[in-house]
Amino acid sequence: MTKRPADAVPSLSDSEIQMLIERHKIPVSDVTKFGDSLRLDFEIYAKEKSRPNANMVYREIEQLHLAAERGNTEKMVALLGCLMPDTRAHLESRADQLGVPFPAADVLTNSAGCEAICENVGTLCRMGGGWSEGRLRQSGRRSRTWSTLLYAPQKSSHFAKREAERMFVINLQLTWLMATGEKPATTACQERPGPFVRFVQDCLKLAGAGHVNAVKAINGIAQDRKRMNSR
């Protein structure tokens with residue numbers, strides 16, 4: 001089985017689909033429908049894993065604001081020219097709210113307007129700010145630091161980096177159920193992985209996500225469902 005690089009767009013061949021069926025003895029009644037469903041799972045995964053998350057958008061806005069505040073027009077113009085679509089849409093929405101013009105492509109090449117661009121971009125990237133108390137000095141007074149409140153999605157240190165892989169496994173569960181009429185494993189054991197677990201691990205490898213452990217992914221989904229049902 002060929003392992004694709006992480007940045008490759010996964011696309012299953014007929015021979016790979018047949019290999020999965022035979023290797024894991026999947027009781028498929030309609031190979032064509034199973035293959036179509038499996039290819040769709042891979043296509044959805046490819047799109048999801050390339051989608052920017054909130055932390056990435058926050059980082060781009062943070063960099064833009066810093067460049068604008070420091071008057072580094074060259075850096076700021078370069079950042080504006082390669083914004084992710086999600087970041088651009090976020091800032092354009094802010095521009096509409098404030099009535100502040102978002103720099104157009106032709107303006108970015110006009111060095112004479114860079115100072116105004118810096119001012120506008122700084123306004124678009126922030127919502128305000130405030131003073132926060134820092135360390136206690138020897139004098140008995142605390143230092144104070146100004147913190148800027150950015151107009152950006154809330155950053156999270158617990159961002160689910162593998163949400164795309166999680167949804168991929170859920171879709172594989174549905175594909176297995178529809179193709180075989182048998183409920184796929186909802187929990188897994190590392191020492192004794194069943195046919196579905198081994199099937200998922202092979203699919204992850206084919207999708208360029210062989211670093212993801214199928215057992216942990218399946219058990220994680222089961223835990224999430226249990227938490228939701230207990231609410």
Side-chain angles (χ1 to χ4, degrees), residues 1-59 84 86 153-231:
M1 181 173 62
T2 303
K3 180 181 176 181
R4 292 182 175 85
D7 59 349
V9 177
S11 178
L12 286 180
S13 65
D14 290 340
S15 61
E16 287 172 325
I17 291 171
Q18 191 62 41
M19 176 274 296
L20 289 170
I21 293 173
E22 294 175 359
R23 173 179 289 188
H24 304 292
K25 298 180 173 60
I26 306 174
V28 178
S29 58
D30 190 324
V31 175
T32 300
K33 286 185 178 180
F34 175 72
D36 289 344
S37 181
L38 201 54
R39 286 191 178 97
L40 180 59
D41 294 341
F42 273 67
E43 182 182 340
I44 291 172
Y45 169 66
K47 291 178 180 178
E48 287 297 317
K49 76 172 183 177
S50 63
R51 182 173 297 177
N53 60 56
N55 287 359
M56 294 166 65
V57 174
Y58 184 98
R59 181 58 178 161
M84 295 183 298
D86 286 42
Q154 185 174 359
K155 189 169 60 172
S156 172
S157 59
H158 302 290
F159 181 79
K161 295 181 179 179
R162 292 180 176 171
E163 179 63 18
E165 285 81 3
R166 177 180 176 276
M167 290 306 303
F168 183 45
V169 174
I170 290 175
N171 285 334
L172 290 175
Q173 289 177 330
L174 295 172
T175 292
W176 180 283
L177 176 62
M178 290 186 295
T180 68
E182 299 176 0
K183 186 177 179 181
T186 55
T187 58
C189 175
Q190 194 69 57
E191 290 73 24
R192 297 188 303 276
F196 176 72
V197 180
R198 295 193 296 270
F199 163 73
V200 169
Q201 193 65 69
D202 274 353
C203 286
L204 287 166
K205 289 178 182 178
L206 286 169
H211 58 283
V212 178
N213 185 290
V215 171
K216 291 182 178 179
I218 292 170
N219 288 337
I221 292 168
Q223 291 169 5
D224 290 343
R225 286 170 174 162
K226 185 177 180 179
R227 281 193 295 267
M228 290 181 65
N229 292 333
S230 64
R231 290 177 181 175

Test side chain to side chain donor-acceptor pair (under 3.5 Å) applied to Glu165 and Tyr45, step by step | CA-CA 7 Å; Glu165 285 81 3; Tyr45 169 66; 2.9 Å; yes
Kindly determine whether Glu43 and Arg39 satisfy salt bridge (Lys or Arg N to Asp or Glu O under 4.0 Å), including the steps that lead there.
-> CA-CA 6 Å; Glu43 182 182 340; Arg39 286 191 178 97; over 6 Å; no
In sequence, state the C-alpha distance, the side-chain angles, and the governing distance for Phe196 and Gln173, and then conclude on side-chain contact (heavy atoms from CB on, under 4.5 Å).
-> CA-CA 8 Å; Phe196 176 72; Gln173 289 177 330; 3.3 Å; yes
Take Asp41 and Phe168 through the side-chain contact (heavy atoms from CB on, under 4.5 Å) test and state the conclusion after the steps.
-> CA-CA 6 Å; Asp41 294 341; Phe168 183 45; 4.1 Å; yes
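The closest donor-acceptor contact from the side chain of Ser37 to the backbone of Lys33 lies at 3.5 Å or more, if one exists at all. Looking at Asn219, its side chain does come within 3.5 Å of a backbone N or O of Ala188 through a donor-acceptor pair. Of the possible polar contacts, one joining the Glu16 side chain to the Ser13 backbone as a donor-acceptor pair under 3.5 Å is found.
Using a 4.5 Å cut-off on side-chain heavy atoms (C-beta onward), Gln18 and Val31 make contact. By the 4.5 Å heavy-atom criterion applied to side chains, Phe42 and Leu206 are counted as neighbours. Using a 4.5 Å cut-off on side-chain heavy atoms (C-beta onward), Ile218 and Thr187 make no contact. In this structure the side chain of Phe34 reaches within 4.5 angstrom of the side chain of Ile26, judged on heavy atoms. Leu177 has its side chain within reach of Pro184: a pair of non-hydrogen atoms, C-beta onward, lies under 4.5 Å apart.
With sequence neighbours excluded, the residues satisfying side-chain contact (heavy atoms from CB on, under 4.5 Å) with Thr32 are Asp30, Asp36. When the side-chain contact (heavy atoms from CB on, under 4.5 Å) test is applied to Pro195, the partners found at least two apart in sequence or on another chain are Trp176, Arg198. With sequence neighbours excluded, no residue forms a salt bridge (Lys or Arg N to Asp or Glu O under 4.0 Å) with Arg225. Among residues two or more places apart in sequence or in another chain, the side chain to side chain donor-acceptor pair (under 3.5 Å) test is passed with Glu191 by none. Partners of Gln223 under the side chain to side chain donor-acceptor pair (under 3.5 Å) rule, at least two apart in sequence or in another chain, do not exist in this structure.
Considering CG of Asn53 and OH of Tyr58, their distance stands at 13.5 Å, rounded to 0.5 Å. Rounded to the nearest 0.5 Å, atoms CG (Leu40) and CG (Asn171) are 7.5 Å apart. Between the NZ atom of Lys25 and the CG atom of Leu20 there is a distance of 13.0 Å, given to the nearest 0.5 Å.
A donor-acceptor contact closer than 3.5 angstrom is absent between the side chains of Gln201 and Asn213.
In this structure, Thr175 and Leu38 approach most closely via the heavy-atom pair CG2-N, 4.2 Å. Of all heavy-atom pairs spanning Val215 and Gln190, the tightest one is CB-OE1, 3.5 Å.
For residues 166-186, the set of pairs meeting the salt bridge (charged side-chain N to carboxylate O under 4.0 Å, His left out) definition, not counting sequence neighbours, comprises Glu163-Arg166, Arg166-Asp224.
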